[in-house]
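Nothing here was measured: the structure is a model prediction, and the numbers come from that model. Any value given below was found using the heavy atoms of this structure, including those in side chains, with hydrogens, waters and symmetry copies removed.
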Amino acid sequence: GIKRMEKFADEILERKIEGSFKIHLRTETIDQLSDAYLDKIKRAGVDIIGAGVESALEEELRTFSKRTTIEKSIRAINKLEYQDKFFAIVGYIMFNPELKPEDFIKKVEFLKQINRGWDYMNLAHSTLVFPGTRYHNYIKSRGLEAKHDELAPLIPYIFMHEKTKKIADEVSNLKIRCPGVIKLNNRIYDALNLISRYSNKMNESLWREDFSFRRFKSDIKDILVETTDKYAEYMQELSETVNSPRDKEEMVLLFWKHIPTFFPKVLDRTNKTIDAFIINLESKGLPTSRLYLKTWLSIRDTKENIAGGKNE
């Protein structure tokens with residue numbers, strides 16, 4: 001795979017084709033790649049890399065039959081995002097049928113460690129179990145498969161720990177109760193896509209606006225830090241709230257304390273930051289059509305609670 005990808009990059013460079021590409025790599029593969037190799041695929045137009053980190057717990061990685069390790073995943077993401085050449089879209093599973101409540105915060109902390117504590121998609125993502133897969137057979141053998149229609153496209157499951165189920169439902173419902181949560185996540189993806197594409201050679205005409213770009217990037221980084229801190233605070237309090245005999249009432253109060261008071265405001269700020277940067281470039285006659293791409297999200301990602309493998 002590595003050799004074929006390099007051959008593809010060589011062909012792009014030889015033909016002088018301009019474009020922006022997204023590729024998917026395992027983290028153990030990224031860990032093997034040299035800086036020279038990464039520079040080459042960047043020059044060939046690779047801006048976005050999907051990287052399957054999957055989990056922060058070694059036992060989960062083995063259950064998912066993954067070859068990577070926690071250390072390799074950390075090195076891989078740090079390597080990709082050095083100097084913001086690439087935007088790494090991280091594949092991460094927060095909730096699964098066997099997750100222990102005490103491991104939830106460990107997984108939140110790991111996302112902070114790889115600079116993804118702002119990413120609601122990763123904070124909320126539950127395992128999706130497809131019929132007939134090895135993992136389907138595994139949860140069936142553990143007695144965790146829930147009742148479902150014979151032709152169900154996804155296999156619902158039972159959480160082994162009731163507290164984990166409460167946390168998973170609450171986190172997955174945030175995007176429904178406050179659409180600003182997923183809208184902010186979407187706009188952050190837009191901004192990070194933009195940052196990675198700025199250094200693509202096809203956008204060389206924009207490089208004279210380096211000061212404007214650095215200010216834009218700094219403003220976005222500030223938003224990432226603030227969003228990470230807010231999620232960390234909320235998730236910590238949520239993990240403690242499920243131990244209370246009045247957990248339902250306290251979770252409602254927790255939601256109103258943290259979510260509607262923060263996310264709509266930061267969404268508005270993010271929109272203005274992106275728009276101001278684009279407008280500034282266009283006001284100087286600079287093209288932005290190959291720089292800016294609105295990130296697509298599915299209905300499942302934006303409007304459905306998929307905790308427990310449900311697909312409502």
Side-chain angles (χ1 to χ4, degrees), residues 18-22 42-43 45-50 77 80-90 111-112 114-123 174-175 178-234 258-298 301-303:
E18 291 187 340
S20 178
F21 302 98
K22 174 184 176 183
K42 178 65 184 185
R43 284 186 285 111
V46 174
D47 295 318
I48 318 296
I49 298 180
I77 301 305
L80 288 183
E81 301 212 317
Y82 177 65
Q83 295 182 338
D84 298 307
K85 290 181 179 178
F86 303 99
F87 171 33
I89 297 180
V90 173
L111 286 176
K112 288 180 66 177
I114 60 170
N115 301 316
R116 286 300 177 283
W118 53 267
D119 196 337
Y120 173 76
M121 301 276 283
N122 286 323
L123 289 163
L174 290 181
K175 63 190 175 188
C178 179
V181 166
I182 195 63
K183 288 179 180 178
L184 173 60
N185 207 83
N186 185 244
R187 292 299 271 160
I188 289 175
Y189 269 53
D190 286 346
L192 296 179
N193 273 321
L194 191 158
I195 289 170
S196 67
R197 284 191 170 90
Y198 180 84
S199 57
N200 187 309
K201 198 171 188 323
M202 70 178 182
N203 288 312
E204 188 175 6
S205 64
L206 307 179
W207 295 352
R208 57 179 149 143
E209 285 299 307
D210 189 59
F211 176 78
S212 176
F213 172 70
R214 288 179 183 277
R215 184 174 58 189
F216 166 73
K217 189 165 68 169
S218 176
D219 290 343
I220 293 298
K221 300 291 183 182
D222 287 345
I223 288 168
L224 299 188
V225 170
E226 291 172 33
T227 305
T228 293
D229 290 345
K230 174 54 65 178
Y231 273 130
E233 183 182 5
Y234 170 76
H258 289 289
I259 307 305
T261 56
F262 178 84
F263 287 91
K265 291 179 183 177
V266 180
L267 169 63
D268 181 62
R269 185 169 135 213
T270 306
N271 283 334
K272 288 176 179 176
T273 300
I274 295 172
D275 291 346
F277 179 60
I278 295 295
I279 289 169
N280 175 62
L281 294 176
E282 292 177 345
S283 70
K284 296 175 180 178
L286 297 171
T288 60
S289 60
R290 295 190 293 183
L291 174 68
Y292 182 50
L293 176 69
K294 290 187 176 181
T295 307
W296 177 84
L297 288 175
S298 70
D301 289 328
T302 56
K303 296 183 179 179

Between S212 and E209 (side chain of the first, backbone of the second, donor and acceptor by atom type, cut-off under 3.5 Å), is there such a pair? no

Correct closest heavy-atom pair for N200 and G19 would be ND2-O, 3.0 Å

Is there a donor-acceptor contact under 3.5 Å from the side chain of W207 to the main chain of Y198? yes

For N122 and V90, which heavy atoms make the closest approach, and how far apart are they? OD1-O, 3.0 Å

Stepwise side chain to side chain contact (heavy atoms under 4.5 Å, CB included) test for I182 and M121: CA-CA 8 Å; I182 195 63; M121 301 276 283; 3.8 Å; yes

Measure the CD1-CD distance between I195 and E81 for me, rounded to the nearest 0.5 Å. 9.5 Å

Between D119 and L123, is any pair of side-chain heavy atoms under 4.5 Å apart? no

Taking the side chain as C-beta and beyond, is there a heavy-atom pair between L291 and L281 under 4.5 Å? yes

Between I48 and S196 the two heavy atoms that sit nearest each other are CD1-OG, 3.3 Å

Side chain to side chain, L111 and W118, heavy atoms closer than 4.5 Å: no

Which atoms form the tightest heavy-atom contact between S205 and L286, and what is the distance? O-CD2, 3.7 Å

For the pair K42 (side chain) and K85 (backbone), establish whether a donor and an acceptor sit closer than 3.5 Å, ignoring hydrogens and angles. yes

Between F87 and Y189, ring centroids under 6.0 Å: yes

Between F263 and Y231, ring centroids under 6.0 Å: yes

Please report the interatomic distance OG1(T270) to CG(D190), rounded to the nearest 0.5 Å. 10.0 Å

In terms of side-chain heavy atoms, does R187 have a donor or acceptor partner in N271 at a distance below 3.5 Å? yes

How many angstroms lie between CG in L267 and CD1 in I188, if you round to the nearest 0.5 Å? 9.0 Å

Which heavy-atom pair separates V181 from L174 by the least distance, and what is that distance? CG2-O, 4.1 Å

What is the distance from atom NZ of K183 to atom CG of N186, rounded to the nearest 0.5 Å? 10.0 Å

Atom CD1 of I77 and atom CG of N115: how far apart are they, to the nearest 0.5 Å? 9.5 Å

Looking at every heavy atom in both I259 and C178, which two are closest together, and how far apart are they? CG2-CB, 3.7 Å

Side-chain donor-acceptor distances from residues 215-224 under 3.5 Å, at least two apart:
from : atom 1 : to  : atom 2 : distance (Å)
K217 : NZ     : D84 : OD2    : 3.1
K221 : NZ     : D84 : OD1    : 3.0

CG on L206 to CZ on R197, rounded to 0.5 Å: 13.0 Å

Between F213 and N280, does the side chain to side chain contact (heavy atoms under 4.5 Å, CB included) criterion hold? Intermediate values first, please. CA-CA 10 Å; F213 172 70; N280 175 62; over 6 Å; no

Side chains of D47 and N193: do they bring a donor and an acceptor to under 3.5 Å? no

Apply side chain to side chain contact (heavy atoms under 4.5 Å, CB included) to the pair H258 and K230, showing each step before the final yes or no. CA-CA 7 Å; H258 289 289; K230 174 54 65 178; 3.1 Å; yes

Report the C-alpha distance between K22 and I89 in whole Å, list the side-chain angles of each, state the deciding distance to 0.1 Å, and finish with yes or no for side chain to side chain contact (heavy atoms under 4.5 Å, CB included). CA-CA 10 Å; K22 174 184 176 183; I89 297 180; 4.1 Å; yes

Is E18 close to E204 at the side-chain level, that is, under 4.5 Å between some pair of heavy atoms? no

State, with a plain yes or no, whether a side-chain heavy atom of T288 is found less than 4.5 Å away from one of F277. no

Can you tell me if N203 uses its side chain to pair, donor with acceptor, with the backbone of R290 under 3.5 Å? yes

